[in-house]
Amino acid sequence: MSTTGANADPLAALGGLPGVAESVESVRKAVDRVYGHRIMRRRSNEITSEAALRGARGSAALSGADWALEEVRRRSDFSGDDEARTVGAALRLTAEAGQLLSIWRQSPLRVLARLHLVAAATPDDEVGRPRRAGEPVDEPLVELPLPDAEEAHGRLEGLAGLVTAGGSASALVTAAVVHGELLALRPFTSHNGLVARAAERIVLVGSGLDPKSVCPAEVGYAELGRAAYLAALDGYVSGTPEGMGVWIAHCGKAVALGARESTAVCEALQRGAA
């Protein structure tokens, strides 16, 4: 996404794309539904914890570790093979994201660096900073042309500027752009997908749309499928109004499905079945 130009609030302008207003309204209704559930008034901490677990499972699935929810729930050691490490990284990011809300608006680049550090969990030199020229990127499931390090740095700075400037864009539009731009840039040498989805979660929670973090978009992305996710991402990378609208709408569907998931958890708790 271009972050320069005459429009002082380019994110707000995206709200006028075909279908985006409808997506924003659909998400708001889905979020209101779960927040209005009687269980949320008494047991919201349980819903938040369950949403975090399910969101981490969904994010890991999109990065190639598609484990059953109960397997994620029962495991305590995630240091084994690549899939186990991916699930462990997703769980760590979910826990860490909630600690970074107050920093995000002032220093998004600092937050992104911290997210990468938490995801990678190694002392390697390339961890916790944007990649440098010539450093490879390990993101096998995203097969888009990779911007060079200089372009990635410039666009990352531009994205950070949009976040710190604020503006009138809806939470969904801002979250979708943060998510899409990080996936398009892949600014780190690894774990970019997990970091992008954690950053989207921070925007959705910090914006006030989902303050208790009970609408895990990652659940929705996993339900819609990796093929649909990557196809929608192609739309974002195209930079066309139609493509951007498709990506934002896809993100909206994912948030609404995450809200539906937590509504189902509320209903199960109400029945005494969970």
Side-chain angles (χ1 to χ4, degrees), residues 19-20 22-37 39-40 43-63 65-70 72-73 87 90-91 93-98 101 115 170-180 182-183 193-230 232-233 236 246-270 274:
V20 170
E22 291 85 348
S23 294
V24 169
E25 180 62 21
S26 177
V27 166
R28 171 52 66 189
K29 288 180 179 177
V31 172
D32 286 348
R33 194 172 300 118
V34 65
Y35 274 85
H37 200 286
I39 290 293
M40 279 293 293
R43 303 173 70 176
S44 64
N45 288 342
E46 292 175 64
I47 307 303
T48 295
S49 295
E50 187 64 20
L53 184 71
R54 294 178 184 225
R57 191 218 75 83
S59 190
L62 289 167
S63 287
D66 192 0
W67 287 16
L69 179 64
E70 292 311 312
V72 178
R73 196 190 302 279
V87 174
L91 288 166
L93 284 175
T94 298
E96 186 72 13
L101 293 169
L115 291 174
S170 70
L172 173 63
V173 168
T174 303
V177 168
V178 167
H179 183 174
L182 290 173
L183 275 179
L194 293 175
V195 168
R197 291 184 288 275
E200 180 186 58
R201 163 80 6 226
I202 289 172
V203 174
L204 293 170
V205 173
S207 68
L209 175 65
D210 180 20
K212 294 183 182 295
S213 195
V214 296
C215 303
E218 304 92 333
V219 168
Y221 293 125
E223 183 175 333
L224 292 166
R226 192 183 302 151
Y229 182 70
L230 295 176
L233 179 61
Y236 178 87
V246 166
W247 170 250
I248 295 168
H250 188 76
C251 294
K253 289 177 187 175
V255 177
L257 287 170
R260 187 183 72 178
E261 182 90 352
S262 286
T263 301
V265 171
C266 286
E267 291 173 355
L269 287 172
Q270 185 168 276

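Counting from 1, the numbers follow the sequence of the chain as shown.
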- Query: Any chance the side chains of Ser59 and Arg201 put a donor and an acceptor closer than 3.5 Å?
  - Reply: no

- Query: Is any side-chain heavy atom of Leu257 closer than 4.5 Å to a side-chain heavy atom of Val219?
  - Reply: no

- Task: Would you name the heavy atoms of Ala198 and Leu93 that are closest together and state the gap between them?
- Result: CB-CB, 4.2 Å

- With Val214, the side chain to side chain contact (heavy atoms under 4.5 Å, CB included) member among Val265, Val205, Val34: Val34

- Note on the structure: CG (Leu269) and CZ (Arg43) are apart, to the nearest 0.5 Å, by 4.5 Å

- For Leu204, does its backbone N or O pair with a side-chain atom of Ser207 as donor and acceptor, under 3.5 Å? yes

- Query: Can you find a pair of side-chain heavy atoms, one from Val203 and one from Val177, that are under 4.5 Å apart?
  - Reply: no

Between side-chain atoms of residues 22-31 and protein atoms elsewhere (two or more places apart, or another chain), which donor-acceptor pairs fall under 3.5 Å?
residue	atom	partner	partner atom	Å
Ser23	OG	Gly19	O	3.1
Arg28	NH1	Asp32	OD1	3.4

- Item | Exam field: side chain Thr48 to backbone Ser213, donor-acceptor pair closer than 3.5 Å | no

- Task: Could you tell me whether the side chain of Ser262 reaches within less than 4.5 Å of the side chain of Pro216, counting heavy atoms only?
- Result: yes

- Tell me, please, which residues at least two apart from Glu50 pass side chain to side chain donor-acceptor pair (under 3.5 Å). Arg54, Arg73

- Query: Going from CG on Leu194 to CG on Leu91, what distance comes out if it is rounded to the nearest 0.5 angstrom?
  - Reply: 10.0 Å

- Task: Could I get the full list of side chain to side chain donor-acceptor pair (under 3.5 Å) partners for Tyr35, not counting sequence neighbours?
- Result: Asp210

- Message: If the condition is side chain to side chain donor-acceptor pair (under 3.5 Å), which residues does Ser170 pass it with, not counting sequence neighbours?
- Response: none

- Measure across Arg226 and Ala61 and return the closest heavy-atom pair with its distance rounded to 0.1 Å. NH2-O, 2.9 Å

- Message: Measuring from atom CD1 of Ile47 to atom OG of Ser44, what distance do you get when rounded to the nearest 0.5 angstrom?
- Response: 8.0 Å

- Task: Mind listing the closest non-hydrogen atom pair of Ala56 and Ala90 along with its distance?
- Result: O-CB, 3.4 Å

- Query: Any side-chain heavy atom of Leu62 sitting closer than 4.5 Å to one from Glu218?
  - Reply: no

- Closest non-hydrogen atom pair, Leu224 against Ala228: O-CB, 3.6 Å

- Message: So, using ring pair (Phe, Tyr, Trp, His ring centres under 6.0 Å) as the criterion, who are the partners of His250 when residues are at least two apart?
- Response: Tyr221

- How are the rings of Tyr229 and His179 set to each other: parallel, tilted or perpendicular (split at 30° and 60°)? tilted

- Item | Arg57 CZ to Asp66 CG distance, which is reported to the nearest 0.5 Å | 5.0 Å

- Task: List for me each residue that meets side chain to side chain donor-acceptor pair (under 3.5 Å) alongside Glu223, sequence neighbours excluded, and say none if there are none.
- Result: Arg260

- Shortest non-hydrogen contact from Val87 to Ala65? CG2-CB, 3.8 Å

